[in-house]
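The sequence lines fix the lettering, A, B, ..., with proteins before strands; numbering per chain opens at 1.
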Amino acid sequence: MGKGVVLMNIYDELVARGLIAQVTDEEEIKDLVNNGKATFYIGFDPTADSLHVGHFMALSLMKRLQMAGNKPIVLLGGGTGLIGDPSGRTDMRSMLTPEAIQYNIDCFKKQMERFIEFGADKAIMVNNADWLAKLNYIEMLRDVGPHFSVNNMLRAECYKQRMEKGLSFLELNYMIMQSYDFYYLFQYHSCNMQFGGDDQWSNMLGGTELIRRKLGKDAYAMTITLLLNSEGNKMGKTAKGAVWLDPNKTSPFEFFQYWRNVGDNDVLKCIRMLTFLPLEQIDDMDQWEGSQLNEAKEILAYELTKLVHGEEEAQKARTTSLALFAGGTDDANMPTTEIFSEQLTDGGIGIIDLLVACGLSVSKSEARRLVQQGGVFINDTKVASIEHKITLEDLKNSVKIRKGKKTYHRALLK
RNA sequence: GGAGGGGUUCCCGAGUGGCCAAAGGGAGCAGACUGUAAAUCUGCCGGCGACGCCUUCGCAGGUUCGAAUCCUGCCCCCUCCA
């Protein structure tokens, strides 16, 4: 990463990037992390079949620390996933079946291997189901139960939102399970630190506390800042859901576009927190204003797409983006839907059906509205009527559909 | 277990027999403006073969010409008492 610039220690770099939210003991953590003495873990609960941006941040942190000589442990929550973390939520998570959890874990593993180097002296991956699932209820209660104050637990920030809507005993136990994980890893994997999103703070403190009470030893915790936009909403979410790292769920092009479209006020923060660009370079961009920020957005989008999907995909996404929005010519990589000849009637397909077939509209009503409001273009020509038909010939060459200002799609005959 | 309150369209939240596909806000979508930004303004915002029809107000039944609104049973949540 650094190009012969002054080498900053990792802790200071994390601070400079705005990544650190809370730490239990700054001096001690600095010492461990800067000198490659940390063996740290980050937990990932398998709540979906793909990682998302929040996970990406955690993995990036892991990578940064790994590059600084520390040893990462990826903890997959095969056990905690069965319970469901209530932190910061207003409603209960839907309970996942063990099968779904296993499937999600497999998906996570594949994606993680692209970011983190696993191996004997590198990073290791563990699954907390391996020890949590075996626990005996009575033994467990007697073992760790006395060390948790329910009074304190209920006061924890992460449960605040749930005190009004209701918190089940199942979920209350999540903190104990996570604490137990840390306690376990501390003993069996010499894990002395836990990192995680800031919403995990209380859960993490539970672990350090348990280790101190049970073993009389110190362990440390550090949280990373949650990525919020200037309005205070979590980034990496769209109306349709999360921005996924799985290219089948969020294509590299869509992924690129998401970052290309962040608000002015959020670009630099994102570059600083999410990319591996040297801080000096980022500081220069800090002066940019107005439309110049578009350049920063392109850098952000390119860098992130490269990290997540590889250089080739990043370039393709950028080329397509430039073609679509900045007068370039190669728009080959826009999302494409193949139309089957069975879908044609009278040698063509109606614009309404086409919009639905391409997933640009969820219903025909919506598609009609789009056309009526003048928001649909075929090959850069506004569609004037909901009766408009796209002919077989057009489809053979493929047609470019534009919905609104920013959504492009291609349709061609299979 | 007892007493009270509550479950409404993506979210919040009005509605307590017909004027309700259901106020208002938010989110979202489209249009104008612009820099593929923000803010602002305008329109849309259950579905469909669409001046009509169908599905929706926790679930299942019932009363009624007619129910989100009334009755019965069930499920879930909150508060207080145990």
Side-chain angles (χ1 to χ4, degrees), chain A residues 86 88-95 154 159-172 228-243 253-271 285 288-302 304-305 317-328 331 333-335 345-346 349-353 355-356 358-378 380 382-387 400-409:
Chain A
R89 294 191 130 242
T90 51
D91 56 339
M92 190 170 113
R93 284 179 188 278
S94 51
M95 275 226 240
L154 295 182
Y159 294 142
K160 280 275 164 61
Q161 297 199 49
R162 297 301 296 281
M163 294 313 288
E164 288 168 26
K165 286 268 184 177
L167 176 71
S168 68
F169 184 64
L170 172 81
E171 296 169 279
L172 181 69
L228 303 176
N229 63 22
S230 42
E231 272 110 54
N233 300 124
K234 265 191 200 173
M235 292 196 69
K237 288 219 188 303
T238 67
K240 289 166 196 78
V243 173
F253 175 71
E254 291 170 295
F255 185 86
F256 183 96
Q257 285 300 308
Y258 176 83
W259 298 106
R260 177 58 187 78
N261 283 306
V262 298
D264 281 10
N265 299 329
D266 303 316
V267 201
L268 264 295
K269 179 171 60 187
C270 287
I271 291 182
M285 292 186 222
W288 297 1
E289 285 181 344
S291 55
Q292 200 180 4
L293 284 169
N294 281 332
E295 203 180 316
K297 292 180 191 179
E298 259 160 49
I299 292 172
L300 170 68
Y302 180 77
L304 286 184
T305 310
R318 182 169 61 186
T319 304
T320 301
S321 179
L322 290 173
L324 261 13
F325 296 99
D331 57 7
N333 202 38
M334 77 178 108
T345 50
D346 305 330
I349 184 168
I351 181 65
I352 303 303
D353 291 324
L355 287 169
V356 174
C358 291
L360 291 171
S361 166
V362 292
S363 70
K364 292 185 183 179
S365 296
E366 188 183 88
R368 257 177 225 113
R369 246 175 266 133
L370 280 167
V371 174
Q372 281 161 352
Q373 291 176 136
V376 178
F377 295 75
I378 294 287
D380 300 312
K382 185 186 280 193
V383 176
S385 155
I386 57 172
E387 306 294 338
K400 179 164 90 178
I401 311 166
R402 189 180 109 206
K403 187 195 99 170
K405 295 199 174 60
K406 292 192 274 204
T407 312
Y408 286 88
H409 203 93

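Using a 4.5 Å heavy-atom threshold, the side chains of Phe325(A) and Asn294(A) count as separate. Counting heavy atoms from C-beta outward, Phe253(A) and Ser321(A) have side chains that approach closer than 4.5 Å. Side-chain atoms of Asp353(A) and Thr345(A), non-hydrogen and from C-beta on, never get closer than 4.5 Å to each other. Using a 4.5 Å heavy-atom cutoff, the side chains of Leu172(A) and Leu154(A) are in contact. Using a 4.5 Å cut-off on side-chain heavy atoms (C-beta onward), Ile299(A) and Met285(A) make contact.
Using N1 to N3 plus N6-O4 or O6-N4 for Watson-Crick, or N1-O2 and O6-N3 for G-U wobble, each under 3.5 Å, A32(B) pairs with U40(B). For G24(B), the paired base is C12(B) (Watson-Crick or G-U wobble, both distances below 3.5 Å). Base-pair partner of C74(B): G58(B) (Watson-Crick or G-U wobble, both distances under 3.5 Å). For C65(B), the paired base is G18(B) (Watson-Crick or G-U wobble, both distances below 3.5 Å). Shown here, U79(B) forms a base pair with A3(B); the pair counts as Watson-Crick or G-U wobble because both key distances fall under 3.5 Å. When both distances must be under 3.5 Å, the Watson-Crick or G-U wobble mate of G49(B) does not exist.
Comparing the same atom, C1', in A22(B) and in A39(B) gives a spacing of 32 Å after rounding to whole Å. Here, G43(B) and G49(B) have their P atoms 27 Å apart, quoted to the whole Å. When the P atom is used for both U36(B) and A27(B), the distance is 23 Å, rounded to whole Å. Rounded to whole Å, the C1' atom of U8(B) lies 7 Å from the corresponding atom of A68(B). Taking the C1' atom of each, C77(B) and G58(B) are spaced 11 Å apart, rounded to whole Å. C53(B) and A21(B) are spaced 13 Å apart, taking the C1' atom of each and rounding to whole Å. A distance of about 14 Å separates the P atoms of U55(B) and G61(B), rounded to the whole Å. One P atom belongs to G46(B), the other to G35(B), and the distance between them is 34 Å to the nearest Å.
Side-chain N/O atoms of Glu171(A) and Ser168(A) include a donor and acceptor closer than 3.5 Å.
Residue Gln292(A) is out of contact with every strand shown, counting any heavy-atom pair closer than 4.0 Å. Across all strands, Lys297(A) comes closer than 4.0 Å to base atoms (heavy-atom distances). Among the protein residues, Ser365(A) comes within range of the nucleic acid bases, having at least one heavy atom under 4.0 Å from a base atom.
Note: CZ (Arg260(A)) to P (U36(B)) measures 7 Å, nearest angstrom. Rounded to whole angstrom, the span from the NZ atom of Lys382(A) across to the C1' atom of A32(B) amounts to 11 Å. Rounded to an integer number of Å, the gap from NZ of Lys165(A) to C1' of G6(B) is 10 Å. Atom P of nucleotide G35(B) and atom CG of Leu293(A) are separated by 14 Å, given to the nearest angstrom. C29(B) atom C1' lies 13 Å from atom CG of Leu355(A), rounded to whole Å. Spacing between atom CD of Glu298(A) and atom P of A37(B) amounts to 13 Å, rounded to whole angstrom units. For the pair Asp353(A) CG and C48(B) P, the computed distance is 10 Å after rounding to whole Å. For the pair Glu171(A) CD and C77(B) C1', the interatomic distance rounds to 13 Å; values are reported in whole Å.
Mapping Gly404(A) and Asn261(A) onto RNA chain B by nearest heavy atom places Gly404(A) at the nucleotide closer to the 5' end. Taking for each of Val362(A) and Phe325(A) the nucleotide of RNA chain B with the nearest heavy atom, the 5'-most of the two is the partner of Phe325(A).
Between Lys405(A) and the phosphate of G31(B), there is a side-chain N or O to OP1/OP2 separation shorter than 4.0 Å. For the pair Lys406(A) and C29(B), the criterion of a side-chain N or O lying under 4.0 Å from OP1 or OP2 is not met. Of the side-chain N and O atoms in Arg369(A), one or more sit less than 4.0 angstrom from OP1 or OP2 of G47(B).
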(Q) Applying side chain to side chain contact (heavy atoms under 4.5 Å, CB included) to Val262(A) and Asn229(A), what does each step give before you reach the verdict? (A) CA-CA 9 Å; Val262(A) 298; Asn229(A) 63 22; over 6 Å; no

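Taking every side-chain heavy atom of Asp264(A) into account, G35(B) is the closest of G35(B), C29(B), C48(B).
Side-chain atoms of Ser321(A) come within donor-acceptor range of the base of U36(B), with a qualifying N/O pair under 3.5 Å. Not a single donor-acceptor contact under 3.5 angstrom links the side-chain atoms of Gln373(A) to the base of G31(B).
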